[in-house]
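Working notes, beginning with the structure itself.
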Amino acid sequence: MSSSGATVLVRVPATSANLGPGYDCMGLSLDLWDEVTVTTREAPGVNITVTGEGHDTVPHDESHLVVTTLRQGLVDLGYDRPDIGLDLSARNRIPHSRGLGSSAAAIASGLFLAWGLARPGEDPDRDLLLTMATAIEGHPDNAAPAILGGAQVAWVQDGQVRHIRLDVLPEVSFRVHVPDRHVPTALARHVLPVDVPRADAIHQVLASTLLVTALTSAPQHLLAATRDWIHQPYRRPLMPESADLMDRLRRAGVPAVISGAGPTVLAMGTAEMLAAARSVDDAGFMVDDLSLGGAAQLVETR
């Protein structure tokens with residue numbers, strides 16, 4: 001039963017997909033969060049307030065990704081008034097169009113808000129919400145860690161989203177280097193070739209297999225395990241500064257990759273590995289040390 005004046009608050013983490021060789025199937029959440037609150041009202045339409053990232057660029061109408069996802073979620077979850085008026089407030093800390101899962105965070109926020117309105121008092125069915133998010137995103141590499149937390153291997157099999165959590169060693173931490181440049185995900189996908197050389201595909205399989213082991217039990221292999229052959233080389237012209245920083249970090253012994261579709265550079269490793277980055281000039285990048293993040297949270301319903 002819908003009613004005006006219902007309020008739901010959710011928190012959703014940033015995510016980094018691919019991690020080098022795990023293209024479209026591996027990702028992890030980071031301890032950097034967006035918070036979104038929605039309150040229903042009798043007056044139709046939507047009123048949106050945004051602070052932080054994207055406050056002056058995201059739409060402030062029904063086309064806002066959180067709103068479109070929320071309304072579709074209400075329909076799918078059987079809420080009897082999916083067009084109910086909404087007051088939405090977003091406090092954004094996740095950079096937009098930088099490869100840190102801002103779109104996945106918006107989608108997860110919308111779905112968790114919809115759950116809080118349609119199923120108040122019930123624990124979220126995370127597998128269902130992941131399936132819904134993947135249908136919107138097209139792939140689960142960001143959605144899985146956003147909704148489930150931690151590091152995830154996720155894929156679609158026979159129409160079902162499957163996932164396995166990786167128990168990342170506690171001594172492995174993360175550092176993001178965020179540039180001013182924006183790279184739309186659609187453009188980053190457009191430049192990828194339809195086919196790749198067989199040798200590159202073989203190297204990719206080896207690296208992605210090694211990455212699972214490196215993250216969970218053998219971090220000394222992270223540098224080799226984070227090398228990519230099938231997407232980062234083709235995206236270099238879209239983000240030359242990021243590609244150059246990644247190369248210089250790797251030459252210094254720091255396991256570094258392009259986060260998602262870029263242009264953020266993600267470094268990962270033990271404290272000793274990340275300390276090697278001190279010798280690398282990262283001027284022009286905002287640097288933030290982050291730990292492995294948790295899962296999206298339905299913080300409050302009232």
Side-chain angles (χ1 to χ4, degrees), residues 10-36 93-95 98-109 111-112 115 123-134 137 139-157 160-176 207-219 221-222 225-226 255-261 264-271 273-274 288-299:
V10 301
R11 297 178 77 233
V12 180
T15 52
S16 180
N18 303 330
L19 310 181
Y23 181 68
D24 271 7
C25 62
M26 294 183 69
L28 52 82
S29 64
L30 295 165
D31 192 25
L32 181 69
W33 301 79
D34 282 354
E35 295 184 359
V36 188
R93 296 183 62 212
I94 303 171
R98 305 299 224 297
L100 287 171
S102 60
S103 294
I107 291 168
S109 294
L111 293 175
F112 272 76
W115 184 275
D123 290 335
D125 183 335
R126 293 179 184 269
D127 282 337
L128 173 60
L129 296 180
L130 176 57
T131 297
M132 295 166 67
T134 301
E137 278 254 280
H139 44 87
D141 52 348
N142 285 104
I147 291 171
L148 304 172
Q152 300 283 337
V153 179
W155 68 100
V156 179
Q157 179 179 335
Q160 297 293 317
V161 181
R162 312 290 186 182
H163 55 86
I164 297 174
R165 184 184 183 95
L166 302 180
D167 293 324
V168 177
L169 291 169
E171 59 262 37
V172 174
S173 57
F174 306 90
R175 177 175 295 154
V176 293
S208 59
T209 304
L210 183 59
L211 181 57
V212 172
T213 300
L215 285 171
T216 58
S217 62
H221 296 303
L222 274 171
T226 50
V257 301
I258 298 297
S259 181
T264 291
V265 176
L266 173 74
M268 66 188 88
T270 62
M273 291 175 183
L274 294 182
D288 199 0
D289 288 311
L290 299 169
S291 58
L292 189 67
Q297 302 169 9
L298 185 55
V299 178

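Predicted model, so just to flag it, every value in this text is computed and none were measured.
Between Phe112 and Val299, the closest side-chain pair of non-hydrogen atoms is not below 4.5 Å. The shortest side-chain heavy-atom distance between Asp127 and His163 falls under the 4.5 Å cut-off. Put simply, the side chain of Val265 reaches to within 4.5 Å of the side chain of Ile258, judged on heavy atoms. Under the 4.5 Å side-chain criterion, counting only non-hydrogen atoms from C-beta, Phe174 is in contact with Leu30. Counting heavy atoms from C-beta on, the side chains of Leu28 and Leu292 come closer than 4.5 Å. The side-chain heavy atoms of Val176 and Asp289, taken from C-beta on, include no pair separated by under 4.5 Å. Trp115 has its side chain out of reach of Val10: every pair of non-hydrogen atoms, C-beta onward, lies at least 4.5 Å apart. Contact of the Leu32 side chain with the Pro95 side chain is registered, since non-hydrogen atoms from C-beta on lie closer than 4.5 Å.
Checking side-chain atoms of Arg165 against main-chain N and O of Gly149 turns up a donor-acceptor pair under 3.5 Å. Judged by distance alone, with hydrogens and angles left aside, the side-chain atoms of Ser29 form a donor-acceptor pair with the main-chain N or O of Gly150 at under 3.5 Å. Under a 3.5 Å cut-off, the side chain of Thr270 and the backbone N or O of Glu171 do not form any donor-acceptor pair.
In this structure, the separation between CG on Leu211 and CG on Leu166 is 8.0 Å, given to the nearest 0.5 Å. To the nearest 0.5 Å, the span separating CD1 on Ile94 from OG1 on Thr15 amounts to 7.0 Å. Taken from CD in Glu137 to CD1 in Ile107, the straight-line distance is 4.0 Å, to the nearest 0.5 Å. Atom CG of Asn142 is separated from atom CD of Gln152 by 12.0 Å, given to the nearest 0.5 angstrom. Distance check, rounded to the nearest 0.5 Å: CZ of Arg93 to CG of Leu100 gives 12.0 Å. A distance of 16.0 Å separates CZ in Arg162 from SG in Cys25, rounded to the nearest 0.5 Å.
Across Leu19, Thr226, Leu290, a single residue satisfies side chain to side chain contact (heavy atoms under 4.5 Å, CB included) together with Leu266, and that is Leu19.
For the residue pair Leu222 and Pro255, the shortest heavy atom distance occurs at CB-CG, 3.7 Å. Residues Ala104 and Ala143 come closest through the heavy atom pair CB-N, 4.3 Å. Smallest separation of non-hydrogen atoms from Leu169 and Pro219: CD1-CD, 3.3 Å. Pro145 and Pro140 make their closest contact through CD-O, 4.0 Å (heavy atoms, listed as atom of the first residue, atom of the second, distance). Across every non-hydrogen atom of Ala133 and Leu111, the tightest pair is N-CD1, 3.6 Å. When all heavy atoms are compared, the tightest approach of Pro13 to Ala105 is O-CB, 4.2 Å.
Under 3.5 Å, the side chains of Thr264 and Ser259 contain no donor-acceptor pair of N or O atoms. If you check the side chains of Glu35 and Trp33, you find no donor sitting under 3.5 Å from an acceptor.
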Stepwise side-chain contact (heavy atoms from CB on, under 4.5 Å) test for Asn18 and Asp141: CA-CA 7 Å; Asn18 303 330; Asp141 52 348; 3.5 Å; yes
